[in-house]
Amino acid sequence: MTGNGSSIPERADVLVIGGGINGISTFRELALQGIDVVLVERDDFCSGASAALSRMVHGGLRYLENGEFRLVRQSLQERDRLLRNAPHYVSPLPTLVPVTARLRGTLATIGAFLGIAERPQARPGLMIRTGLALYDLLSWRSRTMPRHRGIGRAKLQRLAKGITRRAVAGVLYYDARVTHPERLGIELVLDTEAETGARAFSYTEITGRDGDGLAWRDRITGASGRIAPRVVVNATGAWVDLVGGTIGPATNRRRVQGTKGSHLMIRNRALQEALDGRMIYFENDDGRICIAFNHAGAALVGSTDIRIDDPDDAVCLDDEKRYMLAALAGIFPDLEVRDDEIVHVFTGVRPLPVSEDEATGRISRDHAVEVDPPGALPFAVLTLIGGKWTTFRAFGEEVADLALAQLGRSRKVDTRDLAIGGGRGFPRDAEARQRWLQEQAQATGMPLQHFRVLAERYGSRAVAVARFLGEGPDAPVAAAPDYSRRELQYLIETERVRDIGDLLLRRTLLGMEGRISPALVAEAGDLVAAALGWSKAETAAAAARFDDIMARRHRVLQAGQH
């Protein structure tokens, strides 16, 4: 399996720059068509915005307000495909929408949709039900979950203990959640490399033009070289303009403006009990939609939507924390959240198209591709703009077809029904899953409860993990005893781990769960060092890098603390 910079070839049909979920999807689509494609990513795979989503796989209910019906229909179709193709990580998420006004504001809401009036302070129940009826209709062909239904105030209070008494009713509908989005990304990379021989390289950046190609540098080893592709795909999200300037003057123009979305992970028993397996989808006083649901042993609360110029400056500031806590207090007025109950923070930048609209919520979340044919540059450049996590497969398919057209090639493989990673052979039905768990636990000689934990983490890939655990001496990780040292060793050796953060923040949920400690960093660092052959100085430097990432990216900061 590749990953060493010295293995990058000097020529390729397509070079994909950017290893977020859309770049990985494009890489997979092209490789499966038999295209000679290479992917390079400046950091770890799925370490930017693709690691900072709200953990929802959804149609985008609020996008209906902007009239983005095509996007919502496509998103619902892709949501339902992910429920089938990645059942180990994507599952139904029952969602409650509190209603604070039944009819008041209906005419104003219609006027806002038509662009002739201001949106009312609270979305009326009639319009929420109308939107959800359309939501059900748009997914009727692919739907795998129940239709929405209205519920009265008394039932809403029972389902979400402590919810505001201002809610006169509620609506229950179903979307989906993704428990391990970063793992889904690395599984797509590993699947593609194993099935096609295509190559993806992390921690490798494009540094500029080099003759008829582009120069690259491995940021860890210092290795460098050049690659001359026929087509370049710029899939760098909020960084597309910066990378476009690096590729060449012909692609150096402003296409994207970022908006920052921050989230809090809150370990508060009262809040977690009130959520009880359901998401609360509610509006703040400013009309912005917020969410709260249980995830990774805490309550995930989000998010903000703030314009930002430099995506590398994206951190959660104290005023964002106050905003999210105030929104939460508006829906659960008797709830108190202490600062020490915020166990993890994450922030990403949405790569939205340039827009003059002052309201960030009205900027389209749809995706587009701009094509610069060869001429000014010796290769064609396809630049990806926008997009949402749920539609990564469809977006990658569209980009791949445009690249195929540039190469004069045609599509051979359809990915709509291809299972992903540990979703292969992983039963969706509860009874079938229980039988599978028992059979595989017995076959691998592992206690059922331990194998069940591995299956929750890795789906059907748990079989390979369990076999690896049985092949040598093992012991619990002292700072996280529900993991074993051989389990982390397996991830390091087989899943392209090149730094401590890859392991603790993306191959596992240890960071999301708020379990990072100096002891855990030291133990994980020793395991990574043993596998990668680091010296003591290199191990200490890696630990310092990780500490800096945690301080800057996963803590609430005051303005000016960047």
Side-chain angles (χ1 to χ4, degrees), residues 15-29 39-56 60 71 75 178 181-182 184-186 188-189 200-206 219 232-247 251-263 303-315 346-355 360 363-372 381-400 402-403 505-506 553:
L15 171 66
V16 177
I17 307 174
I21 195 65
N22 290 318
I24 290 171
S25 177
T26 302
F27 170 70
R28 176 201 194 205
E29 291 282 338
L39 181 146
V40 297
E41 160 57 40
R42 183 187 71 168
D43 295 299
D44 185 26
F45 303 113
C46 282
S47 58
S50 296
L53 70 155
S54 296
R55 270 53 189 173
M56 294 170 61
L71 172 62
S75 300
V178 55
E182 303 93 337
L184 198 63
I186 191 62
L188 284 165
V189 170
F201 303 87
S202 61
Y203 293 97
T204 302
E205 63 182 343
I206 297 299
R219 297 176 60 229
V232 171
V233 176
N234 183 352
T236 54
W239 290 265
V240 295
D241 294 335
L242 179 64
V243 173
T246 301
I247 292 171
T251 60
N252 186 13
R253 57 184 180 273
R254 187 165 182 248
R255 311 174 198 240
V256 165
Q257 62 181 16
T259 72
K260 178 174 61 165
S262 293
H263 304 75
S303 69
T304 56
D305 195 9
I306 302 169
R307 291 182 188 272
I308 185 170
D309 293 326
D310 186 347
D312 288 317
D313 286 341
V315 297
F346 61 98
T347 301
V349 178
R350 307 173 185 92
L352 304 183
V354 172
S355 170
T360 55
I363 302 173
S364 174
R365 263 54 175 176
D366 207 348
H367 55 253
V369 186
E370 291 191 4
V371 179
D372 291 293
V381 179
L382 310 184
T383 303
L384 280 58
I385 300 170
K388 56 198 294 282
W389 203 94
T390 303
T391 56
F392 73 79
R393 191 212 62 84
F395 196 7
E397 180 181 69
E398 293 171 27
V399 179
L402 288 170
L505 295 177
R506 288 172 290 278
R553 307 282 299 173

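The analysis underlying the following values was restricted to heavy atoms, covering all of them including side chains, and did not include hydrogens, waters or symmetry mates.
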Measure the [atom1]-[atom2] distance between [X] and [Y] for me, rounded to the nearest 0.5 Å.
X    : Y    : atom1 : atom2 : result
D241 : D309 : CG    : CG    : 11.0 Å
I306 : S262 : CD1   : OG    : 6.5 Å
L71  : T390 : CG    : OG1   : 9.0 Å
K260 : T347 : NZ    : OG1   : 6.5 Å
F27  : L188 : CZ    : CG    : 10.5 Å
I308 : Q257 : CD1   : CD    : 12.5 Å

[X] to [Y] - nearest heavy-atom pair and separation:
X    : Y    : result
I24  : C46  : CD1-SG, 3.9 Å
R42  : D312 : NH2-OD1, 3.2 Å
E29  : A400 : CB-CB, 3.6 Å
F346 : R55  : CE1-NH1, 3.7 Å
A238 : P351 : N-CB, 3.5 Å
S50  : I21  : OG-N, 2.9 Å

Residue pair [X] / [Y], side-chain heavy-atom distance below 4.5 Å:
X    : Y    : result
L53  : V178 : yes
F201 : L39  : no
R506 : I186 : no

Original post:
Do side-chain atoms of S47 reach the backbone of F45 as a donor and acceptor pair under 3.5 angstrom?
Top reply: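 Flag not set: sc S47 to bb F45 has no pair under 3.5 Å.
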Check: Can you check side-chain contact (heavy atoms from CB on, under 4.5 Å) on I247 and I17, steps first, answer last?
Finding: CA-CA 10 Å; I247 292 171; I17 307 174; 4.1 Å; yes
Q.
Between the side chains of D43 and R553, is the shortest nitrogen-to-carboxylate-oxygen separation below 4.0 Å, so that they form an ion pair?
A.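 Between D43 and R553 there is no salt bridge, as every charged N stays at least 4.0 Å from the carboxylate O atoms.
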Handout entry: Sidechain N-carboxylate O distance under 4.0 Å for R350, D305
Key =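 A salt bridge is present here (some side-chain N lies under 4.0 Å from a carboxylate O).
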With side-chain contact (heavy atoms from CB on, under 4.5 Å) as the criterion, how do L15 and I206 come out once you've worked through the C-alpha distance, each side chain's angles and the decisive distance to 0.1 Å? CA-CA 11 Å; L15 171 66; I206 297 299; 4.1 Å; yes
Q: Show your reasoning for whether side-chain contact (heavy atoms from CB on, under 4.5 Å) applies to E205 and T246.
A: CA-CA 10 Å; E205 63 182 343; T246 301; over 6 Å; no
Residues which pass side-chain hydrogen bond (donor to acceptor under 3.5 Å, both in side chains) with E398, listed by chain and number, not counting sequence neighbours: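 Partners of E398 by the side-chain hydrogen bond (donor to acceptor under 3.5 Å, both in side chains) criterion, ordered by chain and then number, come out as Q74, H367.
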**OP:** Report the residue from L384, D372, V243 that forms a side-chain contact (heavy atoms from CB on, under 4.5 Å) with N234.
**Re:**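 Of all the options given, the one that passes is V243.
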Review point. Looking at residues at least two apart in the chain, or sitting in another chain, which of them share a side chain to side chain contact (heavy atoms under 4.5 Å, CB included) with L402?
Key: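 L402 satisfies side chain to side chain contact (heavy atoms under 4.5 Å, CB included) with V369, V371, L382 only.
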